[in-house]
**Q** 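Sharing a structure here in structure tokens format.
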Amino acid sequence: MHHLPNDTIAVTLPDFGQSMTVLGDPGLATDDWGGNDALTAAISSLNSNVTLVGEDLAAMHGNSHGGNDSLVVSVDGGWDNAVAVGDAQSMADNTRGGNDTLNVDAHNSLYTNVYLYGDVQGDMSGNAGGGNDTLTASTGWRSFGSLSGDAGGAMSGNAHGGNDTLSATDYGINGGGDALSGDATGAMTDNAVGGNDILTFAASSDAQLGGGSLSGDSGTSMSDNAQGGNDILTAVVDGERAAFSTTLYGDAPTMSGNAHGGNDSLTGGSSPDRLAGDAMSYAPSSPGSITGGTDTLNGGGGNDLLWGGPNNDTFVFNTGSGQDIINDFNQGNQAVGSTTTEHDVINLHDYGFADWAAVSSLIGDNSAGDAVIHLTANDTITLDGVHTAALHPTDFVI
């Protein structure tokens, strides 16, 4: 195996309409091991494009291994594009990605798109494995960010995602939003397995419009025997915003076939959020063939919509939680055609109730027949499709 040198390359794009691609290890051959490269780029003009690639913008084959690269881009302009790719265009066979660090700072720009891919810009297939990467991005006014821990495309075969950390912050009054996927932007199929990833989306204090979308594994779908990792998803959005919301999927927006969800932890911000422990829609190949994880959901503040999904989930509510709705309390298995008894739990420990009697006195059915827990004058939990008479002390943590 040929080990390539460790390179340091810095470029600037000071003029209007410039485009540049910088490769850490151009010509990476089958079975090569990439160097630990440091690539930096600075854009200070309009309509410019830069792409940094840790190894080569080509396919990795055989037993090739990416180096542990550092890719840093700063953007101080507008209508620009910045792309950072930890390793290559695609990975197949037994290739492995390096443990890369990607950082794109575009918070001072406008109408700028940033794309960060921990391992490949395209697909991962065969037995390819992603590295344990760290991705950090900031976007400015009417800008968009897309972060994928492993693949910007799909994951198939026996591809395995790394344990990645993704963080995106939205700046500017009118933000375009950010999308984070722990493993792949595209579909996860066959026997693909997601890593145990940490995803965080934040908004600066002046952001009023926009939002974030977080998917613990795939940004689109999981099918066949794909399996999600045990992921942690967090939205850090404080204060009331004009039109700001975040959607968190523990695994993927849709799951089909025999897909398996991971055991995920989802925490929303203070704005209205939508949290799904596994997915929002399901298409099992046979009744109960999709397995959900044992997830923990906390909507934070704001009026949130919560779906635990299949399996036993925990819904956590802190003081100031707002007027929330649990859409599938003890009903998540029905979405995948399973008749297995489910036991979800509502954690109200933060409210300091003395006992079950104190809680039960605050529960009553609304005009639609749904149980409503009146925690305070401003905090309520509505259990869609559940009557008050169906609730028991074992459904709560007090």
Side-chain angles (χ1 to χ4, degrees), residues 104 106 112-118 135-140 142-155 161 164-172 174-188 194-195 197-204 207-222 228-229 231-238 241-255 261-262 264-282 295 297-300 302-309 327:
V104 176
T112 291
N113 297 322
V114 302
Y115 303 91
L116 286 74
Y117 310 109
L135 288 64
T136 306
S138 60
T139 53
R142 291 205 173 184
S143 297
F144 173 75
S146 178
L147 290 72
S148 296
D150 296 285
M155 290 175 61
D164 306 307
T165 300
L166 290 69
S167 177
T169 304
D170 197 357
Y171 290 85
N174 192 344
D178 297 302
L180 289 71
S181 304
D183 295 286
T185 300
M188 292 176 61
D197 306 308
I198 300 174
L199 288 68
T200 304
F201 168 76
S204 65
Q208 294 294 324
L209 303 175
S213 175
L214 290 75
S215 299
D217 297 286
S218 166
T220 54
S221 62
M222 293 172 58
D231 307 307
I232 300 173
L233 288 67
T234 306
V236 183
V237 181
D238 297 322
R241 307 301 170 95
F244 207 96
S245 64
T246 308
T247 302
L248 297 84
Y249 306 100
D251 295 286
T254 64
M255 295 174 67
D264 306 308
S265 175
L266 288 67
T267 304
S270 63
S271 296
D273 302 312
R274 294 162 57 91
L275 281 69
D278 297 290
M280 200 65 77
S281 64
Y282 303 90
D295 306 307
L297 291 76
N298 184 337
N303 303 331
D304 307 308
L305 301 175
L306 312 172
W307 292 264
N327 291 281

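Both backbone and side-chain heavy atoms feed into the values below; hydrogens, waters and symmetry mates do not.
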**Q** Mind checking what makes side chain to side chain contact (heavy atoms under 4.5 Å, CB included) contact with S218, not counting sequence neighbours?
**A**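 For S218, the residues satisfying side chain to side chain contact (heavy atoms under 4.5 Å, CB included) (neighbours in sequence not counted) are M188, T220, M222, A252.
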**Q** CZ/R142 to CG/N113 distance, rounded to the nearest 0.5 angstrom?
**A**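 These two atoms lie 13.5 Å from each other.
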**Q** Please report the closest heavy-atom contact between L275 and N298, naming both atoms and the distance.
**A**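 Closest heavy-atom pair between L275 and N298: CD2-O, 3.6 Å.
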**Q** With a 4.5 Å limit on heavy-atom distance, are the side chains of D170 and F201 in contact?
**A**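 Counting from C-beta outward, D170 and F201 do come under 4.5 Å.
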**Q** Looking only at non-hydrogen atoms, find the nearest pair between A279 and M255 and report the distance.
**A**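 Looks like CB-CG, 3.6 Å.
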**Q** Can you tell me if D273 uses its side chain to pair, donor with acceptor, with the backbone of D304 under 3.5 Å?
**A**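 No, D273 side chain to D304 backbone: no donor-acceptor pair under 3.5 Å.
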**Q** Quick check: closest heavy atoms across S281 and T254, and the distance to 0.1 Å?
**A**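 Shortest heavy-atom separation between S281 and T254 comes out as OG-CG2, 2.9 Å.
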**Q** Starting at OG of S265, measure out to CD1 of I198 and round the result to the nearest 0.5 Å.
**A**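 Answer for the OG-CD1 pair, S265 versus I198, is 10.5 Å.
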**Q** Enter the distance from L214:CG to I232:CD1 here, rounded to the nearest 0.5 Å.
**A**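 With rounding to 0.5 Å, CG (L214) is 12.5 Å from CD1 (I232).
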**Q** Find the distance between OH (Y117) and CG (L135) and round it off to the nearest 0.5 Å.
**A**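 Y117 OH to L135 CG: 11.0 Å, rounded to 0.5 Å.
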**Q** Got a second to check how far D197's CG is from L180's CG, nearest 0.5 Å?
**A**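 The CG atom of D197 sits 10.5 Å away from the CG atom of L180.
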**Q** Counting N and O atoms only, with roles assigned by atom type, does the side chain of D164 sit under 3.5 Å from a partner on the main chain of D183, one being a donor and the other an acceptor?
**A**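 Judged by distance alone, no pair lies under 3.5 Å.
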**Q** Look up atom CG in L233 and atom CG in D295, then write down how far apart they are to the nearest 0.5 Å.
**A**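 Going from the CG atom of L233 to the CG atom of D295 covers 10.0 Å.
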**Q** Check L199 against S215 and note the closest heavy-atom contact, atom names and distance.
**A**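 In terms of heavy atoms, the two residues are closest at CD2-O, 3.3 Å.
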**Q** Taking all non-hydrogen atoms of both residues into account, name the closest pair between M155 and G161 and its distance.
**A**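 The answer is CE-N, 3.5 Å.
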**Q** Main chain of G229, side chain of D217: is a donor-acceptor contact present, judged purely on distance under 3.5 Å?
**A**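 Yes.
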**Q** Side chain of S138, backbone of A106: donor and acceptor closer than 3.5 Å?
**A**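 Confirmed, S138 side chain pairs with A106 backbone.
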**Q** Which residues satisfy the side-chain hydrogen bond (donor to acceptor under 3.5 Å, both in side chains) test with T185, sequence neighbours excluded?
**A**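 T185 satisfies side-chain hydrogen bond (donor to acceptor under 3.5 Å, both in side chains) with S148 once adjacent residues are dropped.
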